Amino acid sequence: MVDAGPGLRHMGQSQPASDHAMPIQDRSFRFTHAILRRPADSIVDGLRAVDTGTPDVTLFRTHHEAYRAALETAGLKTTVLPPLEDFPDSVFVEDAALCLPEGAIVMRPGAPTRLGEAVKIEPALRDAYGDVRHLPSLGDHGHGRIEGGDVIVTGTEILVGRSARTNGAGIEALRETVRDWGYRVRELATPPDVLHFKTDCGLLDGETILVTRRLAAGGQLDGYRLIPVADGEEAAANAVRVNDIVLLPAGFPRTAETVRDAGYTVVELENSEAAKVDGGMSCLSLRFQRSA
Ligand code: CIR
């Protein structure tokens, strides 16, 4: 069991009226619904840090379908939005919004080619939520940028990694936006040359995080139980806990074994095509909890 570190002091926070039945620690991984978007043909032009080849669109769609099926097996009702050819990276819906039990927030992506995805995701958020919020332009912070890939909601707080896509103004705007819902937002650092904070970590339960050693170094996640990925398997860190299963990208056997040994049920999914454009398990869906 983890010591109650600085990250866990939020536990006395009052719980939203709609969620009385669920322990607060479980709210970060118990979901009923997910929003996905089918890969567009233009995914071949998706952003990538290093060119390791062009994604095969047909294979990507097969993987995407298996991903959707895994979410459904985990008990989620899925909505798959149509592809957006004008936005090559729009299959990575997680970056355009943040879904919390109380409401959804439209993000403001830091990649110029992805900014327009936020507007496109909003109707689906409105179908799911009564409360859909935009980030405020805060005085000098009007230039704030934030992508969902840099945001991890634990059982107790919202952690946001500053990155090339997410700046301090964007984090401040998020803090303002969720203040009345009672969330504490804590700014952390994404390691240099890593795309998103969650490229290097994934929540396994409200207080346990699968993490790369480079992200754990420095102690910014102290207070959580940290499970390191195997050396050389850093790309496995972007796991997603969905109800009773953990989705892991296939091809990282030592990390899969570590997570299983820690008591989790692991489902491994092929991710080769998304990986060519720096996509992992979390970015392919927006997961949330609704009563209907
Ligand atoms: C991008 O660079 O924005 C996309 N090619 C990959 C986004 C992956 N998103 C995520 O990990 N949350």
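Source: prediction; values computed, not measured. Order of listing sets the numbers, starting from 1, for every ligand and every atom in it.
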| request: Determine whether the side chains of S282 and N238 contain a donor N or O and an acceptor N or O closer than 3.5 Å. | output: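 Yes, side-chain donor-acceptor contact under 3.5 Å.
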| message | Can you confirm whether the side chains of H64 and E273 place a donor and an acceptor under 3.5 Å from each other? | response |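 No donor-acceptor contact under 3.5 Å links the two side chains.
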| query | Roughly how far, to the nearest 0.5 Å, is the CE atom of M107 from the CG atom of L286? | reply |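 If I round to the nearest 0.5 Å, the distance is 10.0 Å.
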| query | When rounded to the nearest 0.5 angstrom, what distance separates CG in L84 from CD1 in I43? | reply |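 One gets 11.5 Å once the value is rounded to the nearest 0.5 Å.
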| task | Go through the steps for E72 and T78 under the test side chain to side chain donor-acceptor pair (under 3.5 Å), then give the verdict. | result | CA-CA 7 Å; E72 294 197 345; T78 60; 2.5 Å; yes
Which protein N or O atoms sit under 3.5 Å from any N or O of ligand 1? Give each pair with its distance.
residue	atom	partner	partner atom	Å
ligand 1	2 (O)	R165	NH2	2.8
ligand 1	3 (O)	R114	NH1	2.8
ligand 1	3 (O)	R165	NH1	2.9
ligand 1	3 (O)	R165	NH2	3.4
ligand 1	5 (N)	L47	O	2.8
ligand 1	5 (N)	D89	OD1	2.7
ligand 1	5 (N)	V277	O	2.7
ligand 1	9 (N)	D95	OD2	2.8
ligand 1	11 (O)	H196	ND1	3.4
ligand 1	12 (N)	E94	OE1	3.1
ligand 1	12 (N)	D95	OD1	2.8
ligand 1	12 (N)	D95	OD2	3.4

| task | Return the orientation label for the F288 and H33 ring planes: parallel under 30°, perpendicular over 60°, tilted otherwise. | result |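 Judged by the thresholds at 30° and 60°, the geometry between F288 and H33 is parallel.
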